[in-house]
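Everything below concerns the one structure shown next.
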Amino acid sequence: METNKFSNQDINRLLKRGVCEVIVKEELVTALKSGKVLRLKEGFDPSFPDIHLGHMVGLKKLREFQDIGHQVVLIVGDWTAQIGDPSGASVTRPMLSAEHVKTNAKTYMEQFFKIVDKEKTEVRWQSEWFGNFNLADVIKLTSKFTIAQILARDDFSKRYNANQPITITEFLYPLLQAYDSVAIKADVEFGGTDQKFNLLVGRELQTMLGQRPQQVLMVPLLVGTDGVHKMSKSLGNYIGVAESPENIFGKVMSIPDGIIMNYFELITCVSDQELDEFRQLLDKNAVNPMELKKRLGREIVTKLHDAKSAITAEEHFAKVVQNKEIPNEIEECFFNLDSSMDLKELLTSINLAKSRSDAGRLISQGAVSIDGSVVVCNSMKLESGCVIKVGKRRFAKIINSDIIK
RNA sequence: GGAGGGGUGCCGGAGUGGUUAAUCGGAGCAGACUGUAAAUCUGCCGCUCGGAAGGGCUACGCAGGUUCGAACCCUGCCCUCUCCA
């Protein structure tokens with residue numbers, strides 16, 4: 001099987017937009033030109049089954065490689081999941097049950113294949129090779145690297161210098177990931193720039209074991225909706241691939257103006273020429289950034305859902321956020337309105353407030369309104385079918401639970 | 001094995017016997033404003049009772065102790081870091 005023929009210009013484009021660094025670039029270019037189908041490795045940790053836009057940068061690039069004929073190998077990190085990627089201050093995690101790993105992997109793949117072509121993807125589980133590992137194998141693997149080498153990784157050295165604990169299992173993480181490359185004979189491994197160390201260990205181990213070292217393609221880290229930190233679930237500044245169109249659109253609208261172009265470039269397919277136009281418009285203040293953000297939101301929702309959802313999501317945003325109106329669809333909540341009505345109780349029980357104290361706070365801050373009028377006291381008469389609004393965008397339609405009986 | 005640090009609310013990090021539900025920063029929430037769920041400003045930010053004023057309960061690694069009173073002092077334990085071996 002051969003890949004499609006394509007020019008230097010195509011290769012340039014492929015390795016430029018949304019790519020941070022390629023090691024070794026000349027070799028990858030040669031490999032791409034050779035016409036050989038390359039095995040593109042991408043791994044994931046099934047303890048975090050949710051994909052967000054940050055991951056999408058790399059997945060989109062994988063897709064581009066697929067579209068010209070290359071093969072993706074998706075690795076389910078059912079062993080590394082138990083260690084936890086040492087980038088944070090994470091510690092060894094409890095073993096996930098086999099069942100749990102399975103359901104997480106399923107969830108992950110549903111999201112993964114929204115972007116990557118399922119037909120051109122081979123799914124492999126780490127346990128296929130690590131399941132048979134014994135202590136001798138572990139010793140053989142670990143003896144190939146030194147502590148000094150491992151400590152060269154930025155995350156490790158930072159923690160080490162800050163007198164924070166690092167377990168030996170965490171040191172194992174890069175080695176396991178590297179061995180994956182050997183096991184599947186990877187030609188190229190994809191990852192964020194924060195993965196550089198692990199990716200390079202893969203190259204080393206492959207060389208040691210007589211394989212051709214994989215090429216490493218690093219994609220930039222996407223900044224989160226806060227505009228400051230990298231997008232991550234634990235920081236809460238993420239936009240999930242599986243979220244509703246309304247949520248995705250709204251979250252896109254909440255990004256700071258300064259990172260609009262960054263998002264366009266990394267996670268949409270809007271052409272380079274058009275992006276240049278946008279940049280000029282922004283520079284000259286010739287466009288309201290909000291309009292560009294709306295376009296961005298439409299692009300992203302279309303990619304993750306479809307064009308129709310994008311339109312609905314935008315309408316929803318205009319209606320609810322900009323005009324402060326009530327959305328078309330409101331979740332119905334059942335509550336017994338008869339007995340001595342207690343609004344705090346109601347808000348808490350339908351999850352519009354965390355606790356009765358929280359509900360009290362919201363009421364006193366004027367955040368709660370019923371059918372458009374702001375509530376000032378706790379006890380009041382409610383009609384079945386009334387709409388409660390809390391804050392800017394939390395709504396519930398209250399149905400008297402007695403009626404349906 | 002020895003010596004010395006450290007464990008505080010979602011996170012970072014003050015506080016070393018009472019006025020501490022615990023300074024401050026970040027996150028989060030709300031209101032105002034706006035060009036948006038941007039930015040900015042203001043307020044809130046353990047649970048619970050109360051319309052409010054105010055009250056009760058729980059909380060500073062764990063378990064005890066001293067004291068009228070402890071995040072703060074003492075004892076033991078657990079976790080963790082550094083240095084020496």
Side-chain angles (χ1 to χ4, degrees), chain A residues 53 87-92 151 156-170 223-240 243-264 281-282 285-298 300-301 313-327 340-345 347-349 351-369 373-380 388-395:
Chain A
L53 295 192
S87 53
S90 57
V91 273
T92 310
L151 272 180
F156 283 137
S157 58
K158 268 192 194 131
R159 280 165 66 189
Y160 187 71
N161 290 330
N163 293 345
Q164 282 168 355
I166 303 172
T167 63
I168 291 172
T169 39
E170 286 178 274
V223 177
T225 51
D226 58 353
V228 182
H229 304 285
K230 73 165 184 181
M231 183 173 283
S232 91
K233 196 172 185 186
S234 52
L235 291 174
N237 60 357
Y238 70 101
I239 303 178
E243 291 189 64
S244 71
E246 287 79 16
N247 258 349
I248 294 174
F249 192 91
K251 284 189 181 182
V252 169
M253 292 308 288
S254 81
I255 65 170
D257 297 346
I259 59 173
I260 295 176
M261 290 318 298
N262 185 247
Y263 272 47
F264 264 115
L281 289 172
L282 280 173
N285 278 328
V287 64
N288 181 341
M290 182 183 66
E291 296 304 328
L292 284 183
K293 271 203 262 189
K294 284 187 172 175
R295 168 73 188 275
L296 181 62
R298 284 199 300 272
I300 294 172
V301 175
E314 183 171 359
E315 282 168 1
H316 177 270
F317 182 82
K319 191 174 168 79
V320 177
V321 180
Q322 295 188 289
N323 297 329
K324 299 182 203 256
E325 288 170 18
I326 290 167
S340 55
M341 219 347 254
D342 181 357
L343 189 55
K344 286 187 202 166
E345 183 61 39
L347 291 176
T348 322
S349 75
N351 275 329
L352 287 181
K354 286 198 292 279
S355 62
R356 291 180 56 84
S357 304
D358 189 38
R361 262 175 240 131
L362 289 166
I363 293 170
S364 67
Q365 287 176 140
V368 181
S369 61
S373 52
V374 176
V375 173
V376 280
C377 64
N378 183 36
S379 56
M380 65 180 305
I388 294 196
K389 180 184 180 193
V390 176
K392 284 188 180 65
R393 57 201 149 96
R394 278 132 72 201
F395 297 91

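Letters A, B, ... are given to chains in the order of the sequence lines, protein chains preceding strands, and every chain is numbered from 1.
- The distance between atom CZ of Phe249(A) and atom P of U36(B), rounded to the nearest whole Å, is 12 Å.
- Counting only heavy atoms from C-beta outward, the side chains of Glu314(A) and Val301(A) never approach each other to under 4.5 Å.
- As rounded to the nearest Å, A38(B) and U16(B) have P atoms that lie 39 Å from one another.
- To the nearest angstrom, C1' of G25(B) lies 12 Å from NE2 of His229(A).
- Applying the Watson-Crick and G-U wobble criteria (two distances, each under 3.5 Å), A59(B) pairs with nothing in any strand.
- As the counterpart of U82(B), A3(B) is assigned, both hydrogen-bonding distances of the Watson-Crick or G-U wobble pattern falling under 3.5 Å.
- Distances from the side chain of Lys392(A) to the nucleotides G35(B), G31(B), U36(B) place G31(B) closest.
- Distance, Asn351(A) CG to C29(B) P: 15 Å, rounded to whole Å.
- Atom CG of Asn237(A) is separated from atom C1' of C11(B) by 14 Å (rounded to the nearest Å).
- Rounded to the nearest Å, the gap between the P atom of U19(B) and that of A32(B) is 37 Å.
- Rounded to whole Å, the separation between the C1' atoms of G61(B) and G6(B) comes to 11 Å.
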Name the pairs: protein N/O against N/O of nucleotides 38-46 of chain B, kept only if under 3.5 Å.
{"from": "G43(B)", "atom 1": "N2", "to": "Gln365(A)", "atom 2": "OE1", "distance (Å)": "2.9"}

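- The base-pairing partner of A21(B), taking Watson-Crick or G-U wobble contacts with both distances under 3.5 Å, does not exist among the strands shown.
- Nearest nucleotide to the side chain of Asn247(A), out of A37(B), C49(B), G31(B): A37(B).
- Between the CD atom of Glu345(A) and the C1' atom of C49(B) there is a distance of 14 Å, rounded to whole Å.
- Comparing atom distances between the Arg393(A) side chain and each of U34(B), C29(B), A37(B) picks out A37(B) as nearest.
- The shortest side-chain heavy-atom distance between Val287(A) and Arg295(A) does not fall under the 4.5 Å cut-off.
- Annotation: side chain of Ile255(A) is in contact with side chain of Leu296(A) (closest heavy-atom distance under 4.5 Å).
- Tyr263(A) places none of its side-chain heavy atoms less than 4.5 Å from the side chain of Val252(A).
- The distance from atom CG of Leu352(A) to atom C1' of G28(B) is 17 Å, rounded to the nearest whole Å.
- Applying the salt bridge (Lys or Arg N to Asp or Glu O under 4.0 Å) test to every pair with at least one member in residues 247-264 of chain A, sequence neighbours left out, gives these pairs: Glu243(A)-Lys251(A), Asp257(A)-Lys293(A).
- Distance noted for atom C1' between G15(B) and C73(B): 16 Å (whole Å).
- In this structure, Glu246(A) reaches the bases: a heavy-atom distance under 4.0 Å links it to at least one base atom across the strands shown.
- Rounded to an integer number of Å, the gap from CD of Glu170(A) to C1' of C81(B) is 15 Å.
- Formation of a donor-acceptor pair under 3.5 Å by the Tyr238(A) side chain with backbone atoms of Lys230(A) is not found in this model.
- Rounded to whole Å, the separation between the C1' atoms of C84(B) and C10(B) comes to 39 Å.
- Residue Arg394(A) places at least one side-chain N or O closer than 4.0 Å to OP1 or OP2 of A30(B).
- Both distances falling under 3.5 Å, in either a Watson-Crick or a G-U wobble arrangement, place G64(B) opposite C74(B).
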Chi angles and distances behind the side chain to side chain contact (heavy atoms under 4.5 Å, CB included) call for Met253(A), Phe317(A): CA-CA 9 Å; Met253(A) 292 308 288; Phe317(A) 182 82; 3.6 Å; yes
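- Distance noted for atom C1' between C68(B) and C29(B): 40 Å (whole Å).
- OP1 or OP2 of U36(B) has not a single side-chain nitrogen or oxygen of Lys251(A) nearer than 4.0 Å.
- Using a 4.0 Å heavy-atom distance criterion, Gly366(A) is classed as a sugar-phosphate-only contact.
- Across every strand in view, A27(B) sits unpaired, with no contact that passes the Watson-Crick or G-U test at under 3.5 angstrom.
- With hydrogens and angles ignored, the 3.5 Å screen pairs a side-chain donor or acceptor of Asn323(A) with a backbone N or O of Ala318(A).
- Mapping Asp358(A) and Asn288(A) onto RNA chain B by nearest heavy atom places Asn288(A) at the nucleotide closer to the 5' end.
- Nearest-nucleotide assignment on RNA chain B puts the 5′-proximal partner with Val368(A), out of Gln322(A) and Val368(A).
- Comparing U34(B) with C44(B), their P atoms are spaced 24 Å from each other, to the whole Å.
- Taking atom C1' on both nucleotides, G50(B) is separated from G12(B) by 36 Å, rounded to a whole Å.
- Contacts of Ser232(A) classified as side chain to side chain donor-acceptor pair (under 3.5 Å), with partners at least two apart in sequence or in another chain: Ser234(A).
- To the nearest angstrom, P of A30(B) lies 10 Å from NZ of Lys354(A).
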